[in-house]
**Student:** 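One structure follows; several queries about it will come next.
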Protein chains: 2
Amino acid sequence: MSLEHAILGWLTTGPGTGYDLARQLDQGLGWFWTAPHSQIYPRLKDMEARGLITSTSEPVGAKSAKRTYEITPDGRKAIREWTETPPTYPPNRDGERLRLIFGDHGNLAALRTHFETHRQHYQERRDSLSRFLHEVSSRQQPRIARRAANAPDEAHQELVIALREIAYRGDVHRAENEIMWAEDCLRWLDAFEVRHGLAEHGSGTGE
Amino acid sequence: MSLEHAILGWLTTGPGTGYDLARQLDQGLGWFWTAPHSQIYPRLKDMEARGLITSTSEPVGAKSAKRTYEITPDGRKAIREWTETPPTYPPNRDGERLRLIFGDHGNLAALRTHFETHRQHYQERRDSLSRFLHEVSSRQQPRIARRAANAPDEAHQELVIALREIAYRGDVHRAENEIMWAEDCLRWLDAFEVRHGLAEHGSGTGE
DNA sequence: CCGACCATGTAATATGTTACATGATTGT
DNA sequence: ACAATCATGTAACATATTACATGGTCGG
């Protein structure tokens with residue numbers, strides 16, 4: 001039930017609407033969780049019913065309203081207890097790897113495309129993450145900067161920023177690792193084609 | 001719907017029962033997908049109804065039966081087409097990272113445990129993967145060895161093993177990357193504690 | 001007035017997890 | 001006899017995805 005923890009955690013950086021949350025989750029990267037608004041709104045209601053968050057409703061036009069949520073002391077306690085328990089690791093599910101190991105009938109062009117897609121995906125991911133990491137470090141992410149500014153002392157301020165840097169940097173490393181792997185695979189494929197006299201493609205490993 | 005592709009792919013290495021499949025998926029690593037038997041049996045029935053697989057039933061005792069499934073030409077076509085389309089990447093969901101970035105209230109002991117748990121998890125994962133990789137390379141994995149042996153020529157035989165080696169080696173690298181990250185984090189935490197005069201713990205970064 | 005974006009909701013469907021339930025076989 | 005393992009199923013519940021549906025505000 002980590003959607004709930006993502007919501008609680010986000011609300012520790014300040015109040016906000018379901019829409020604000022959805023925007024940060026499913027579009028614009030910078031996040032370790034995603035959810036569409038269809039999951040968010042019902043969950044917010046449920047969490048309010050359980051006292052983890054409260055909301056104030058502001059009328060908009062004649063029939064509509066905008067609801068701003070805020071975390072409660074109970075909610076703070078819940079997110080704190082959750083973060084203080086060691087991480088658990090869900091079972092691995094990796095469609096890319098399944099595609100790879102069962103793609104052994106000999107379509108080498110498809111394999112090449114596979115590795116190139118992989119490389120490109122993680123190049124884009126790395127670039128987005130690097131940009132976001134830079135925004136965190138330079139306090140351009142308003143919610144994170146605010147949370148840091150509200151911290152009780154210098155050590156806490158540093159911690160708020162440092163943990164996010166550590167997290168995003170870890171994901172940058174992951175992306176770089178995937179890029180290297182994809183490039184190793186492409187080199188292996190080149191060699192395989194040469195070895196078996198199948199090298200009919202025009203370009204080498206380069207873009 | 002990758003459970004279906006995992007099933008089809010597995011059946012390309014030979015016929016088997018739902019139980020055999022479940023064993024390889026949810027216990028014993030060596031897999032890029034998992035599912036409990038409660039998901040497998042209904043899915044097998046559904047796939048048989050759609051003509052992707054067929055089964056033969058062997059009576060066991062008076063009231064029970066054991067059902068062995070086999071892939072059909074339609075099933076082969078489906079898995080082949082699927083593997084030949086480029087990989088797609090599901091949205092990222094990472095509870096560990098959520099725990100980390102929202103664990104910024106200053107419980108450094110919890111952070112230490114977090115990083116140590118992370119390191120240990122990936123050390124175990126790396127070791128299991130390495131063992132499995134070795135079993136693949138040395139043809140000790142019977143289903144994979146059989147699939148390689150049945151391949152039409154030397155190039156195909158090599159491909160069956162090589163793709164699996166590539167896949168598992170990629171996951172070994174991932175695990176090693178996580179271990180390095182966790183160790184970086186522990187060193188950062190040591191320095192943080194020293195810098196803020198909070199170094200009251202007994203041991204250093206070492207185990 | 002129209003399109004982009006703000007804002008909230010429901011419904012249908014698919015997928016994943018945990019628990020309950022039953023029976024056979026094999027070795028101790 | 002009993003435990004472990006083989007073997008198959010259902011039910012209840014939680015979570016995730018996609019689509020449908022509505023209304024407001026603001027700028028051009």
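Naming convention: chains lettered A, B, ... in sequence-line order (proteins, then strands); numbering from 1 in each chain.
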**Student:** Holding to ring pair (Phe, Tyr, Trp, His ring centres under 6.0 Å), I want the full list of residues that pass it with A:His5, two or more places apart in sequence or in another chain.
**Tutor:** A:Trp82

**Student:** Which residue pairs pass the salt bridge (charged side-chain N to carboxylate O under 4.0 Å, His left out) test with at least one member in residues 68-89 of chain B, sequence neighbours excluded?
**Tutor:**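 Residue pairs with at least one partner in residues 68-89 of chain B: B:Lys77-B:Glu81, B:Arg80-B:Glu84.
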
**Student:** Restricting to side chain to side chain donor-acceptor pair (under 3.5 Å), what partner residues turn up for A:His121, sequence neighbours left out?
**Tutor:**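 Side chain to side chain donor-acceptor pair (under 3.5 Å) list for A:His121, sorted by chain: empty.
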
**Student:** Expected output is a numbered-order residue list: members of residues 87-95 of chain A with a heavy atom under 4.0 Å from any atom of DNA chain C. What is it?
**Tutor:** A:Pro91, A:Arg93

**Student:** With sequence neighbours left out, write down each residue that passes side-chain contact (heavy atoms from CB on, under 4.5 Å) with B:Pro86, or none if nothing qualifies.
**Tutor:**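 In terms of side-chain contact (heavy atoms from CB on, under 4.5 Å), with neighbours along the sequence ignored, B:Pro86 is linked to A:Thr113, A:Thr117.
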
**Student:** Tell me the side-chain hydrogen bond (donor to acceptor under 3.5 Å, both in side chains) pairs involving residues 57-67 of chain B, sequence neighbours left out?
**Tutor:** B:Ser55-B:Arg67

**Student:** May I ask you to list the residues of residues 56-69 of chain A, by number, that have any heavy atom positioned under 4.0 Å from an atom of DNA chain C?
**Tutor:** A:Ala65, A:Lys66, A:Arg67

**Student:** Test: salt bridge (charged side-chain N to carboxylate O under 4.0 Å, His left out). Region: residues 33-48 of chain B. Which pairs qualify, not counting sequence neighbours?
**Tutor:** B:Glu4-B:Arg43, B:Asp46-B:Arg50

**Student:** Applying side chain to side chain donor-acceptor pair (under 3.5 Å), can you list everything that pairs with B:Asp127, at least two apart in sequence or on another chain?
**Tutor:** none

**Student:** Not counting sequence neighbours, list each pair that qualifies as a salt bridge (charged side-chain N to carboxylate O under 4.0 Å, His left out) and has a residue in residues 101-110 of chain B.
**Tutor:**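 Matches after skipping sequence neighbours: A:Arg147-B:Asp104, A:Arg164-B:Asp104.
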
**Student:** Looking at residues 5-16 of chain A, who's got a heavy atom less than 4.0 Å off DNA chain C?
**Tutor:** none

**Student:** Taking heavy atoms of chain B and a 4.0 Å limit, find me the 5'-most and 3'-most nucleotide of DNA chain C within that range.
**Tutor:**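 With heavy atoms of chain B under 4.0 Å away, the range is C:dT15 to C:dT25.
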
